S.K.: 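The structure follows.
Every chain is numbered from 1 and lettered A, B, ... according to where its sequence line falls, protein lines coming before strand lines. Computation of the quantities below employed the complete heavy-atom set of this structure, encompassing side-chain atoms and omitting hydrogens, waters and symmetry-equivalent molecules. It should be emphasised that the depicted structure is a prediction, and the values quoted were computed from it without experimental measurement.
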Amino acid sequence: MAETVNYDHKEIEPRWQKRWEQDGLYEANIDPQRPKYYALTMLPYPSGDMHIGHWYAMTPSDARARFMRMRGFNVLFPMGFDAFGLPAENAAIRHGIHPKEWTFANVARMRQQLRTMGTMFDWRREAVSADSKYYKWSEWFFSQLYKKGLAYRKMSPVDWCPHCNTTLAREQVWGEDRHCERCGTPVIKKNLEQWFFRITQYAEELLDFSHIDWPERVRTLQQNWIGRSEGASVVFHTEQGDPLEVFTTRPDTLWGATFMVLAPEHPLVKKITTPAQKETVEQYVLQATRQTDIQREAAEKEKTGVFTGGYAINPVNQARIPIWIADYVLMTYGTGAIMAVPAHDERDFAFAIKFGLPIIPVIARSDGLVKSCVLKSEVQEGFEPALRAAAIPFEADQAGWLVTPRLDQVSAYREIARQYLAKDGWIELVGAEWAFIFGDASLEWDSVEADREILQRCQARRPALAGCRTVMEMLWQNEWYRDTLYHDQFGMMIHSGEFSGTPGETAKRQVIDWLEAQGIGKGAINYHLRDWLISRQRYWGAPIPIVYCPTHGAVLVPDDQLPVLLPDDVEWRPTGESPLKLHPTWKKTTCPICGGPAERETDTMDTFMCSSWYHLRYLSPDYDAWPFDPVEYDYWMPVDTYTGGIEHATMHLIYTRFFHKAGRDMGIMKGPEPMIQLRNQGIILGEDSEKMSKSRGNVVAPDDLVERYGADTVRAYLMFFARWDMGGPWNSSGIEGTARWIRRVWALFTETPAAGAPDPQARRSLRRKLHQTLCKVTHDYESFEFNTIISALMELLNEMYRLRDLGVANTPEWQEALDLYLRMMAPSCPHVTEELWMRLGKPYSIHQQAWPQVDEEAAAEAEITLVLQVNGKVRDRIQVPVDITQEQAQAFALASEVVQKHLGGKPPRKVILVPGRLVNIVI
RNA sequence: GCCGAAGUGGCGGAACAGGCAGACGCGCACGACUCAAAAUCGUGUUCCCUCGGGAGUGUGGGUUCGAUUCCCACCUUCGGCACCA
């Protein structure tokens, strides 16, 4: 064996990287003989420098792709660049470099850095989205979507970043202050003609995750984002006779709809507003549309709104109810109009209390809570003893009684109330039971008319209530009642005509059926998901292949004229307008239909459009007849394993699914989903536990680490230092552990074995540990538990060091251990294992070797440690053969001195035997 | 407010399916080698203790012979959504 030399990553790593590239070791080609495996990791944006986060995302993914390759799969593991986007333009503005130049220089630099990681990327398949031979097909996909009616243009209020001078998609607006994802500037609303993709058409299908193995977290995020609500759409009519459709999730509360609210932008607002209200309404509308979202937020959710003067008819009970407008109703959801049920909707309740609109409870409380506050002046002597006699719970104070009858005591309580009521007094019950007991009558609070009558009677009796506009407002003044007045639970319907008494479980369904039978409404489903806004008023993106002709309107650029190329000579300084708009000639063109003069669309596409199909371009980046080579597609697709950050859950990961499904419906793609298995890595924070950022100065530069420790050490440390899906704060001293491990591997594998008489026991131990480790490492690679892979290998190494001193180093078992150890280590540390593999005289390359098979027999334990417990506490441990019988185990346990001592002569009451693990003696 | 994830030594983390808590590593302490340092190697390292033991996986309860693991309530941290009718 070669003389011992020190481990020198600087010599080893570049040498093997060069050799692998020369040999095309990682080139993946179609091979029908072998099962394919498409491993994909999210492509980076070429921001200039590789971040440790890129390494964290890519190297464990690479290790797993290598593992799959050793397991016999034909693995495709490609890489590319998501190269369009704002930072290129911002850099251009700041440093005066052309975005194209800046981007491609960064791509070149990052490509270099990526190569130092020792990954198995097949670079022949690299794709760069800003390359015209790539974006030609992004444009082509736009055309396909347009032809299919999935791309459309509309005037729409959109989020606009005043710093980036562009619109943003809903998911690119972050945080409570609604700031731009890229630059942090709070966004404003603008009304613009914009292009959208009709992703909402796929909302229902996107909720179906049955074909994919994705983390629960991602599925939940997508589910919430899509936000499906089941309910009914119900048609009200204005007094003028115009239909006014609303969506509600609670058709069972229809009888409690005491007013309606329209979004300020609602088209009917003008028509229903009465002359008297005209000015107020116009002012409110103006103010609402002018306000930015931040201003709306700043209002602390205090409800605002104005009455239009118009009325609608509630179709279930013909009640005439006022129509208001308020900005808490959004034009973008449902129909932009709601029926307000203030008794059972929190927002409507707040609005009604503020503006004095009537609130009628129509759903009974299901918790049975009933409250009745009785003032001394309202009752005669004997009230309290009567309560006591009936065992009705109450608290007394100077002013009176706070009575809380149980539901089964309510009728008894009503009787007492009637009996002891003072002249001109009244008593109310609130909560699960609503009643107003006057001397001459008990009034049901079941309609707006009843509300008025009850209020009048109360006000007549107590002038202090003169300021109250509704019964609920009166009750609301009593602090003690507050938690009992409003709820949004399902429950038995009350005050709802013939539906009163319908139980909560079936109410919704029954009302929907009835609405359908009556022809006034039907079951309906609504989604929070909005159509995907793709227009960006920027230069550095794929052009939207549309031409505007004065006679023919928006016309697609014919496929044979694609790509619409970006001009190089643009003025990119920020003006608030798209640089393409300011270009002197670029937008001037001719209409593809009539040949007359026409103008190009000057907006470009959201970069998420480009990244929605990059996994297809990788298949054949130079193919020019189609976005991808169908032969490659049929072999490689779908992606078997996709890895990347969870931050894309509601952006890229929804878009790419939509894209695939739309493509499938157009006959371009195949199968239900583009990516079968998804796994997310966590985020590495700075050593200060804060997000890494240049301004904080806590950024960990991978290049420095590679220089100092080598790529293998950095790779292993990234696998070892945390659970991969969790991430966590970086710890710079921890890497010493993996560095030491690799040095110890190197030392053991390059030393000349000492002669010695092999101990048969040690030889067996070595094989046992070796195959146990193999079993664990195999399992952990399969389930992405990278940290325990490295720790298992460290354990095995420690054991090998121990056994080496017992003379096993000259045995076949030792040779087997060296061989398997390197194979197991190869995916995580490709360079050092290749080097040691060569030094052991084995055939090039270790990365073309098969993953070893576990020898179950060798891995089996001969002896086990039997834990002896007394009353569930560990008292002793003994070594016993694995095949020991239950009786023997019990006998051994009782024979233990320590156990006997703890038994203290008492007989065991019970003995629990867990085969192969423990004996628990209960006394 | 709603939804989700996570709380284990000084630190990162481990524990298959209810059965030995703290694997592996960092750090630290002591020792060996060295003139010395680095590197390397060895030993120890949850806490308390009267050296018999006792306590201990965010907190408080519960189920069980036995709970980091299951159930209930709560606290803290992180992430997402947020006037979505």
S.K.: Roughly, in whole Å, what's the span from CZ in A:R877 to C1' in B:G19?
M.R.: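 Taking CZ of A:R877 and C1' of B:G19, I get 12 Å after rounding.
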S.K.: Could you tell me whether the side chain of A:T335 and the main chain of A:E245 form a donor-acceptor pair under 3.5 Å?
M.R.: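 Yes, A:T335 side chain to A:E245 backbone: donor-acceptor pair under 3.5 Å.
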S.K.: Could you tell me if A:D348 and A:Y328 have a donor-acceptor pair between their side chains, going purely by distance under 3.5 Å?
M.R.: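 On atom types as modelled, these side chains qualify, holding a pair under 3.5 Å.
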S.K.: Need one value for A:D348: base, sugar-phosphate or nothing, where a base atom within 4.0 Å counts as base even if backbone is also close, heavy atoms only.
M.R.: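 A:D348: no heavy atom of the nucleic acid under 4.0 Å.
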S.K.: Assess the side chains of A:N6 and A:R743: does a donor N or O sit below 3.5 Å from an acceptor N or O?
M.R.: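 Side chains of A:N6 and A:R743: no pair found under 3.5 Å.
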S.K.: Based on the glycosidic angle (syn within 90° of 0, else anti), state the conformation of B:G7.
M.R.: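 Glycosidic conformation of B:G7: anti.
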S.K.: With rounding to whole Å, what would you report as the distance between B:U43 and B:C48 at their C1' atoms?
M.R.: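 Comparing C1' positions in B:U43 and B:C48 gives a spacing of 23 Å.
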S.K.: Kindly say if A:K873 contacts the phosphate of B:A55, meaning a side-chain N or O under 4.0 Å from OP1 or OP2.
M.R.: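 True: A:K873 side-chain N/O within range (under 4.0 Å) of B:A55 OP1/OP2.
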S.K.: In whole angstroms, how far is the C1' atom of B:C83 from the CG atom of A:D327?
M.R.: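 Distance check: A:D327 CG to B:C83 C1' gives 8 Å.
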S.K.: Does the side chain of A:T865 come under 3.5 Å of the side chain of A:Q879 through a donor N or O and an acceptor N or O?
M.R.: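 Yes, a side-chain donor-acceptor pair sits under 3.5 Å.
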S.K.: Could you tell me whether A:R679 sits above the aromatic face of A:W214, with NZ or CZ closer than 6.0 angstrom to the six-membered ring centre and within 45 degrees of the axis?
M.R.: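 A:R679 over A:W214 ring: no.
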S.K.: I need the residues from residues 770-787 of chain A with at least one non-hydrogen atom less than 4.0 Å from RNA chain B; give them sorted by number, or say none.
M.R.: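 Close to the strand are A:N787.
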S.K.: With rounding to whole Å, what would you report as the distance between B:C20 and B:A15 at their P atoms?
M.R.: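 To the nearest whole Å, 13 Å.
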S.K.: Judged by each residue's nearest nucleotide on RNA chain B, which is more toward the 5′ side, A:S791 or A:Y333?
M.R.: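 The residue whose closest nucleotide sits nearer the 5' end is A:S791.
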S.K.: Do A:R228 and A:Q223 pair up side chain to side chain, a donor and an acceptor below 3.5 Å, judged on atom types alone?
M.R.: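 No - no donor-acceptor pair under 3.5 Å links their side chains.
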S.K.: For A:R219, answer base if it contacts any base atom (sugar-phosphate contacts may also be present), sugar-phosphate if it contacts only those atoms, and nothing otherwise; contact means non-hydrogen atoms under 4.0 Å.
M.R.: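 It contacts nothing in the nucleic acid.
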S.K.: What integer number of Å spans the P atoms of B:U34 and B:C49?
M.R.: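 Per the computed distance, 40 Å lies between those P atoms.
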S.K.: At under 4.0 Å between heavy atoms, what does A:I912 touch on the DNA or RNA strands: base, sugar-phosphate, or nothing?
M.R.: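 Base contact - A:I912 has a heavy atom under 4.0 Å of at least one base atom.
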S.K.: For A:N526 and A:S229, which I'm curious about, is there any donor-acceptor pair between the side chains at under 3.5 Å?
M.R.: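 Short answer, no.
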S.K.: Calculate the interatomic distance between A:F259 atom CZ and B:A85 atom P; express it in whole Å.
M.R.: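 My rounded result for the distance is 17 Å.
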S.K.: Tell me which of A:N920 and A:T788 sits closer to the 5' end of RNA chain B, going by the nucleotide each one is nearest to.
M.R.: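 Taking each residue's closest nucleotide, the earlier one in sequence belongs to A:T788.
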S.K.: Determine the contact category for A:V874: base if any of its heavy atoms lies under 4.0 Å from a base atom, sugar-phosphate if only primed atoms, P, OP1 or OP2 are that close, otherwise nothing.
M.R.: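 Sugar-phosphate, backbone atoms only, no base.
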S.K.: Tell me what A:S229 touches on the nucleic acid: a base, only sugar-phosphate, or nothing, going by heavy atoms under 4.0 Å.
M.R.: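 Counting heavy atoms under 4.0 Å across all strands, the contact made by A:S229 is with sugar-phosphate only.
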S.K.: Could you let me know what B:G79 is paired to, Watson-Crick or G-U wobble, both distances under 3.5 Å, or none if it's on its own?
M.R.: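 Pair assignment: B:G79 / B:C3.
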S.K.: My understanding is that a pair needs two contacts under 3.5 Å, Watson-Crick or G-U wobble. By that rule, which nucleotide pairs with B:G52?
M.R.: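 Base partner found: none.
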S.K.: Classify the nucleic acid contact of A:Q869 as base, sugar-phosphate or nothing, counting any heavy atom under 4.0 Å across all strands shown.
M.R.: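 Contact class for A:Q869: base.
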S.K.: What integer number of Å spans the C1' atoms of B:G4 and B:G19?
M.R.: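 It works out to 31 Å between them.
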S.K.: To the nearest Å, give me how far apart CD (A:Q222) and C1' (B:G79) are.
M.R.: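 Value for this atom pair: 16 Å.
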S.K.: How many whole angstroms separate atom CD of A:Q223 from atom C1' of B:C2?
M.R.: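 So the two atoms are 15 Å apart, to the nearest Å.
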S.K.: Provide the Watson-Crick or G-U wobble partner of B:G9, both distances under 3.5 Å; none if there is no partner.
M.R.: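 Here B:G9 is not engaged in any pair, so there is no nucleotide opposite it.
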S.K.: Just to confirm, is there a sub-4.0 Å distance from OP1 or OP2 of B:A23 to any side-chain nitrogen or oxygen of A:N798?
M.R.: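 No, A:N798 has no side-chain N/O under 4.0 Å of OP1/OP2 on B:A23.
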S.K.: Could you tell me how far apart A:R228 (CZ) and B:A85 (C1') are, to the nearest whole angstrom?
M.R.: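 The distance from CZ of A:R228 to C1' of B:A85 comes to 16 Å, rounded to the nearest Å.
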S.K.: For A:R217, report the nucleic acid contact type (base, sugar-phosphate, nothing); a contact means any heavy atom under 4.0 Å.
M.R.: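 A:R217: backbone/sugar contact only, no base atoms under 4.0 Å.
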S.K.: Just how far, in rounded Å, is C1' of B:G53 from CG of A:D876?
M.R.: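 These atoms are roughly 15 Å apart.
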S.K.: Would you tell me whether A:T650 and A:Q222 have side-chain atoms, one donor and one acceptor, within less than 3.5 Å of each other?
M.R.: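 There is no such pair between these side chains.
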S.K.: In whole Å, what separates the C1' atom of B:A73 from that of B:G12?
M.R.: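 Per the computed distance, 31 Å lies between those C1' atoms.
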S.K.: Using Watson-Crick or G-U wobble geometry with both distances below 3.5 Å, tell me the partner of B:G44, or none.
M.R.: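 B:G44 is paired with B:C28.
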S.K.: Give one of base, sugar-phosphate or nothing for A:R744, where a contact means two heavy atoms less than 4.0 Å apart.
M.R.: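 Sugar-phosphate: the residue A:R744, judged by heavy atoms under 4.0 Å, touches backbone atoms but no base.
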S.K.: Going by purine N1 to pyrimidine N3 plus the second Watson-Crick contact, or the G-U wobble pair, all under 3.5 Å, which nucleotide sits opposite B:G66?
M.R.: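 Answer to the pairing question: none, since B:G66 forms no Watson-Crick or G-U pair.
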S.K.: Do A:I742 and A:C829 make a side-chain contact, defined as non-hydrogen atoms from C-beta onward lying under 4.5 Å apart?
M.R.: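 A side-chain contact under 4.5 Å exists here.
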S.K.: Go through residues 719-740 of chain A and report each residue with a non-hydrogen atom lying under 4.0 Å from RNA chain B, sorted by number.
M.R.: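 Those residues whose heavy atoms fall under 4.0 Å from RNA chain B, taken from residues 719-740 of chain A in numerical order, are A:F720, A:F721, A:R723, A:M726, A:G727, A:S733, A:G734, A:G737, A:R740.
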S.K.: Kindly point out which of B:C65, B:G4, B:A85 is positioned nearest to the side chain of A:T220?
M.R.: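 The answer is B:G4, which lies nearest to the side chain.
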S.K.: Say you pick atom P in B:G62 and the same atom in B:U76; how far apart are they, in whole Å?
M.R.: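 Nearest-Å result for B:G62 against B:U76 at atom P: 24 Å.
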S.K.: Check A:F721 against A:W730 and note the closest heavy-atom contact, atom names and distance.
M.R.: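 That closest heavy-atom pairing would be CE1-CA, 4.4 Å.
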S.K.: B:U40, OP1 or OP2 - any side-chain N/O from A:R743 closer than 4.0 Å?
M.R.: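 Answer yes for this pair, as a side-chain N or O of A:R743 is under 4.0 Å from OP1 or OP2.
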S.K.: Whom does B:U57 pair with, Watson-Crick or G-U wobble, provided both distances fall under 3.5 Å?
M.R.: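 For B:U57, the partner nucleotide comes out as none, under the 3.5 Å rule.
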S.K.: Can you measure A:E346 atom CD to B:A85 atom P for me and round it to whole angstrom units?
M.R.: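 So the CD-P distance, A:E346 to B:A85, works out to 13 Å.
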S.K.: If we take the P atom in both B:G56 and B:U68, what is their distance in whole Å?
M.R.: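 Result for the P pair: 9 Å, nearest Å.
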S.K.: Based on the glycosidic angle (syn within 90° of 0, else anti), state the conformation of B:G52.
M.R.: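 Syn, which is what one calls it when the glycosidic angle falls within 90° of 0.
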S.K.: Rounded to whole angstrom, note down the P distance from B:A17 over to B:G7.
M.R.: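 Looking at atom P only, B:A17 and B:G7 are 15 Å apart.
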S.K.: Which listed nucleotide (B:C83, B:A21, B:G25) is nearest to the side chain of A:M794?
M.R.: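 Between B:C83, B:A21, B:G25, the one nearest the side chain of A:M794 would be B:G25.
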S.K.: Under 6.0 Å from the ring centre and within 45 degrees of the ring axis: does the NZ or CZ of A:R715 meet both conditions for the six-membered ring of A:Y709?
M.R.: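 No - A:R715 does not lie over the ring of A:Y709 by the 6.0 Å and 45° rule.
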S.K.: For A:D688 and A:N698, test the side chains for any donor-to-acceptor distance below 3.5 angstrom and give the result as yes or no.
M.R.: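 There is such a pair between these side chains.
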S.K.: Just to verify, what does A:N731 make a side-chain hydrogen bond (donor to acceptor under 3.5 Å, both in side chains) with, not counting sequence neighbours?
M.R.: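 Partners of A:N731 by the side-chain hydrogen bond (donor to acceptor under 3.5 Å, both in side chains) criterion, ordered by chain and then number, come out as A:S733.
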